[in-house]
Undergrad: 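Shown below is the structure under consideration.
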Amino acid sequence: MEEGNRVRVGVYVCHCGGNISDVVNVKRVVEEARKEGDVVVARDFMFMCSEAGQKLIEDDIRSGKVNAVIVASCSPRLHEATFRAAITRAGGNPYMYYHVDIREECSWVHENDKEEATNKAIRQVRAAIAYLRRAEPLNRIRVDCERSVLVIGGGIAGLRAALDLAESGLTVYLVERAPFLGGNAAKIGRVKVFPYEKTAIDVVRGLIEVLRKVGSVAIYTNAEVEGVSGYVGNFDVTIRVNPRYFRDRPNEQEIEELKRICSRKTRDEFSFGISERTALVLPPFNGAYPEIPAIDMALCDKCGLCTKACDKVDFSQEPQVVHLRVGAIVVATGFKPYKPEKGEYGYGLPGVITLQELVGLINKYGDVVINGKRPRSIAFIYCVGSRRRREEGKKANEYCSRYCCVAALDVATTIKELMRDVKIYHVVRDVRSYGINEILFEEASRQGQVFIKYDVDEGEPQVLYDNGKPIVKVKDVLTDHTELELPVDLVVLVTGMEPSDGTVRIAEKLKTSRGIDGFLQEVHPKLRPVETMLSGIFIAGTAQAPRGISETLASASAAAAKAMSLVLKGYTELEPFVAFVDQDKCRGSGLCVSECPYGAIEIRGEVGGKRAWVNEALCKGCGACVAVCPSGAMQLRGLRNTQVEDMIRAAGGAHA
Amino acid sequence: MVLKKSNPQILIFTTNIISDPGVCSAGLMHLSYPAQTTIIKVPCSSMIRPEWIALALESGFDGVFVAADGTDCPYLTDCTNRTAKRVREAQELLSNKGIEPERVKMAAICSVCGEAFTRLVNDFYSRLMELGPIKVRTHEE
Ligand code: SF4
Ligand code: SF4
């Protein structure tokens with residue numbers, strides 16, 4: 001600070017009842033603090049966080065005595081914000097502050113050594129004084145926000161988020177990669193989603209219906225996010241909308257014709273691959289949006305037969321590039337089902353399918369028919385691809401996919417209602433039917449479905465073959481480790497969730513981080529559960545982690561609310577702890593540029609005069625660049641290099 | 001205050017969001033570790049400049065413990081690697097000055113890793129006891 005405007009430090013040491021003062025000699029800490037230059041007051045108080053405690057600080061600031069504050073008390077996570085607010089109330093600068101923890105990091109861990117605990121508190125306060133000697137008043141960085149939001153992904157999470165946002169009056173852009181809205185939930189289709197009587201498709205249909213009625217949503221299907229630049233409040237987004245090659249909606253007759261005409265075939269994603277579709281992708285369900293078909297150009301060979309069957313086909317359409325400016329982004333790019341490897345529990349052999357494929361069957365045919373016959377016995381093998389130890393060369397996910405136990409129970413009880421005499425075995429590691437889903441487990445047990453429990457350490461269940469029919473071999477923990485062989489007509493592999501390809505791609509585009517499980521990562525699971533480290537970018541649904549439909553909807557509404565509260569205000573304020581460049585020291589080496597995980601640094605200027613430049617709205621203040629700067633030019637506001645060095649010297653006692 | 005030379009002093013770097021809460025959690029559990037420690041917080045351990053570690057050992061500390069974030073770091077998924085690199089650079093600096101590189105220790109401390117932290121610091125403290133005071137510390141002798 002400039003001369004005449006010198007820092008005048010006030011030190012406030014808290015007793016916390018006796019939590020601190022029973023161990024730390026608070027009076028001595030105050031005395032030692034008084035001996036330090038630039039300290040104008042040093043006080044101790046029973047409860048600093050109480051109104052009276054805060055008032056001590058406020059009065060000292062108001063009277064002009066103090067302009068920089070140290071509170072030595074509990075953890076900064078508890079009360080740093082409290083004391084910064086007190087300073088602000090009194091008209092001081094909240095960043096002329098240092099919080100010292102002498103409870104969790106002192107009195108509570110050094111109960112047996114009061115003398116040394118007191119010395120430690122003194123050292124920590126001394127370091128804080130050294131810090132404040134070089135502190136400067138800082139202001140939060142204000143940035144204006146566009147009043148619009150981009151929602152990426154048109155599955156159930158994206159639909160929910162888009163609807164919530166639109167209903168608050170914001171402009172919403174909803175981008176879906178597939179030709180139709182609905183995502184995985186639409187594919188679950190007719191299976192009801194416990195605990196509601198509604199089926200997944202009903203929920204999806206309902207959302208689409210309402211969404212189309214609210215005015216302020218622009219929906220782009222068959223569209224991809226190509227690029228995102230900018231920062232919170234001001235993202236520039238480029239999307240590419242691929243043509244559907246249909247000018248309009250064909251009539252019934254034309255649709256029937258189109259269904260027949262195309263010879264190019266592939267597995268239909270909508271039925272989880274159990275049936276085929278052609279290159280003419282028709283709306284997959286009643287109420288699907290848009291109602292116009294799309295041609296899958298990766299499959300189409302442009303034979304032209306469809307142009308003869310329907311005059312709405314239009315091969316002259318071109319991709320469109322759309323530029324958007326949004327204040328916030330909600331990422332709802334979802335999951336993909338784990339695909340077992342060939343041979344994993346017999347996968348690929350007749351009579352072995354995944355849970356999703358079974359759901360696909362039920363939806364497509366309204367029945368379960370394998371090789372022309374209804375199965376009389378079904379074994380569900382749980383935790384396929386989940387909760388596996390990683391081994392060399394093997395596919396496996398270590399996490400629990402959370403939804404699969406419940407989904408398997410849901411499907412099994414649905415089947416049992418459909419075909420009363422089918423025998424159902426659940427070959428489980430555990431049944432994690434938590435919360436209200438427990439009712440499903442009871443229902444399954446009541447229906448006489450059999451539960452067999454395996455222990456991975458004793459060996460996993462095996463699928464063998466006899467006469468072309470699968471046999472599940474398993475050691476059952478529940479019946480004293482009896483080795484069981486179950487000949488069944490159908491084996492269903494209960495597979496978990498993996499991040500969708502869209503999730504992986506968008507993480508790269510946005511440069512937002514993914515956890516070791518591959519899903520998008522929140523800042524903190526409890527403190528900031530739907531925010532990413534990139535301000536203004538929020539996550540919803542299974543892009544973040546495996547979860548069921550109700551949890552997905554809850555997280556989507558949460559993400560929407562967060563985006564809303566940011567954008568509706570029209571501006572946002574960011575913490576001032578960002579990097580800055582000491583122009584005199586910077587030699588333009590650019591080492592910091594590649595070190596910055598957020599692309600916040602650029603080299604500007606001509607050869608000879610090159611300098612690093614930091615975009616404050618992008619910088620997160622991690623300091624990674626600070627460590628690699630050879631000349632010490634790159635520094636953090638609020639924790640400059642000299643401040644760290646002075647703290648080290650002060651605490652080390654070398655100045656004594 | 002002149003520090004007692006017989007007891008090693010440790011400077012501990014923690015990170016605001018992850019490892020400092022971890023150190024804090026040792027307090028919540030009322031565990032115990034030597035009071036001859038001082039904590040300085042940084043946003044992410046990858047910010048630590050190698051010369052700060054050297055400076056600490058020249059300023060009266062006998063060891064530096066870097067409580068890094070591990071994979072929980074909200075800023076960087078690879079900050080442990082980056083920090084490890086900084087620590088290695090610091091160790092080289094120390095070797096050149098004739099100071100034992102093992103006076104710097106780094107470990108990933110998660111936000112609830114109080115027990116692990118306590119164990120590691122206790123071990124580090126014992127090791128520093130064995131090493132004794134820094135021999136080449138010139139300006140204080
Ligand atoms: S400020 Fe913290 S340490 Fe002081 S009384 Fe309040 S809770 Fe206790
Ligand atoms: S502090 Fe971190 S985010 Fe900011 S410029 Fe430096 S490396 Fe980038």
Side-chain angles (χ1 to χ4, degrees), chain A residues 32 75-77 101 103-120 122-124 126-127 513-516 521-524 527-528 532-533 577 595 597-598 620-629 632 636 639 641 644-645 647-656, chain B residues 1-3 7 9 11-12 14 16-18 20-21 23-53 55-61 71-79 82-83 85-86 89 111 114 118 139-140:
Chain A
E32 289 295 327
S75 156
R77 259 77 56 189
D101 180 351
R103 194 180 75 177
E104 284 83 343
E105 293 184 348
C106 194
S107 66
W108 283 353
V109 278
H110 311 311
E111 279 150 324
N112 312 325
D113 197 347
K114 296 185 178 175
E115 173 70 21
E116 279 301 332
T118 304
N119 288 340
K120 176 173 179 175
I122 292 168
R123 278 195 305 278
Q124 297 276 193
R126 246 180 218 157
S513 54
R514 294 194 290 138
I516 30 175
Q521 198 165 28
E522 65 286 321
V523 177
H524 190 284
L527 303 177
R528 290 163 73 187
T532 66
M533 267 314 281
F577 309 123
E595 199 69 17
Y598 300 100
K620 285 280 148 195
C622 62
C625 54
V626 171
V628 299
C629 177
L636 266 200
L639 191 61
N641 292 0
V644 179
E645 288 153 10
M647 286 173 86
I648 294 172
R649 287 195 195 95
H655 70 301
Chain B
M1 182 179 64
V2 178
L3 301 168
N7 283 325
Q9 290 284 337
L11 176 66
I12 302 171
T14 61
N16 291 330
I17 301 177
I18 304 296
D20 197 63
V23 173
C24 208
S25 74
L28 295 170
M29 292 182 266
H30 290 258
L31 303 173
S32 140
Y33 58 88
Q36 285 80 1
T37 42
T38 307
I39 296 164
I40 293 183
K41 288 174 293 190
V42 291
C44 170
S45 53
S46 65
M47 178 184 175
I48 299 166
R49 290 175 69 85
E51 67 245 38
W52 292 345
I53 293 174
L55 174 67
L57 296 179
E58 285 160 8
S59 306
F61 289 100
T71 48
D72 292 349
C73 176
Y75 298 104
L76 285 147
T77 39
D78 65 338
C79 71
R82 298 192 195 210
T83 310
K85 223 160 135 191
R86 304 287 95 82
E89 287 159 9
S111 58
T118 313
H139 60 280
E140 279 186 83

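To find a chain, count down the sequence lines: A is the first, B the second, and so on, and within it residues start at 1.
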Undergrad: Checking B:Gln9 side chain against A:Gly652 main chain: does a donor-acceptor pair fall under 3.5 Å?
TA: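 Not a single qualifying donor-acceptor pair exists.
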
Undergrad: How close do B:Tyr75 and A:Tyr598 get, counting heavy atoms only, and between which atoms?
TA: O-OH, 2.7 Å

Undergrad: Between B:Ser45, B:Ser32, B:Ser25, who has the most heavy-atom pairs with chain A when the cutoff is under 4.5 Å?
TA: B:Ser32

Undergrad: Considering only heavy atoms, which portion of B:Leu11 lies under 4.5 Å from any heavy atom of chain A: side chain, backbone, both, or neither?
TA: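 When you check distances to chain A, only side chain atoms of B:Leu11 fall under 4.5 Å.
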
Undergrad: At a 4.5 Å cut-off on heavy atoms, which part of A:Glu645 comes close to chain B: side chain, backbone, both, or neither?
TA: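 Contact with chain B involves both backbone and side-chain atoms of A:Glu645.
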
Undergrad: Identify which part of A:Glu111 has an atom lying under 4.5 Å from any heavy atom of chain B, answering side chain, backbone, both or neither.
TA: side chain

Undergrad: Looking at every heavy atom in both B:Ile39 and A:Gln124, which two are closest together, and how far apart are they?
TA: N-OE1, 2.7 Å

Undergrad: Considering non-hydrogen atoms only, spot the tightest contact between B:Ala35 and A:Glu116 and give its length.
TA: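 Result for this residue pair: CB-CB, 3.6 Å.
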
Undergrad: In terms of heavy-atom pairs under 4.5 Å with chain B, which of A:Arg77, A:Glu522, A:Gln521, A:Arg514 leads?
TA: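 Counting heavy-atom pairs under 4.5 Å, the top option is A:Arg77.
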
Undergrad: I'd like to know if the side chain of A:Arg103 reaches the main chain of B:Gly27, judged simply by a donor and an acceptor atom lying under 3.5 Å from each other, with no hydrogens or angles considered.
TA: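 No, because the side chain of A:Arg103 does not come within donor-acceptor range (under 3.5 Å) of the backbone of B:Gly27.
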
Undergrad: Report which part of B:Lys85 has an atom under 4.5 Å of a heavy atom belonging to chain A: side chain, backbone, both, or neither.
TA: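 When you check distances to chain A, no heavy atom of B:Lys85 falls under 4.5 Å.
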
Undergrad: What part of B:Thr118 lies closer than 4.5 angstrom to a heavy atom of chain A: side chain, backbone, both or neither?
TA: neither

Undergrad: Using 30° and 60° as the class boundaries, would you call the ring planes of B:Tyr33 and A:His110 parallel, tilted or perpendicular?
TA: perpendicular

Undergrad: Roughly how far, to the nearest 0.5 Å, is CG of B:Leu28 from CD of A:Glu104?
TA: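 With rounding to 0.5 Å, CD (A:Glu104) is 5.5 Å from CG (B:Leu28).
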
Undergrad: Do you know the tightest heavy-atom contact between A:Ile648 and B:Trp52?
TA: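 For A:Ile648 versus B:Trp52, the nearest heavy atoms are CD1-O, 3.6 Å.
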
Undergrad: Return the minimal non-hydrogen interatomic distance between A:Pro76 and B:Lys41, and the atom names on each side.
TA: CG-NZ, 3.6 Å

Undergrad: Which answer fits B:Asp20, side chain, backbone, both or neither, if we ask what part of it has an atom under 4.5 Å from a heavy atom of chain A?
TA: both

Undergrad: Hey, which of B:Cys79, B:Pro43, B:Gly114 has the most heavy atom pairs under 4.5 Å with chain A?
TA: B:Pro43

Undergrad: Is the shortest distance from a Lys or Arg side-chain nitrogen in A:Glu595 or B:Arg86 to a carboxylate oxygen in the other one below 4.0 Å?
TA: yes

Undergrad: State, to 0.1 Å, how close B:Met47 and A:Cys622 come at their nearest heavy-atom pair, and which atoms those are.
TA: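 So the minimum-distance heavy-atom pair works out to CB-O, 3.7 Å.
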
Undergrad: Pick one of side chain, backbone, both or neither for A:Arg528, based on which atoms fall under 4.5 Å of a heavy atom in chain B.
TA: neither

Undergrad: Tell me whether B:Arg49 contacts the main-chain N or O of A:Cys629 through its side chain, where contact means a donor paired with an acceptor under 3.5 Å.
TA: yes

Undergrad: Need one label for B:Pro50: side chain, backbone, both or neither, based on atoms under 4.5 Å from any heavy atom in chain A.
TA: side chain

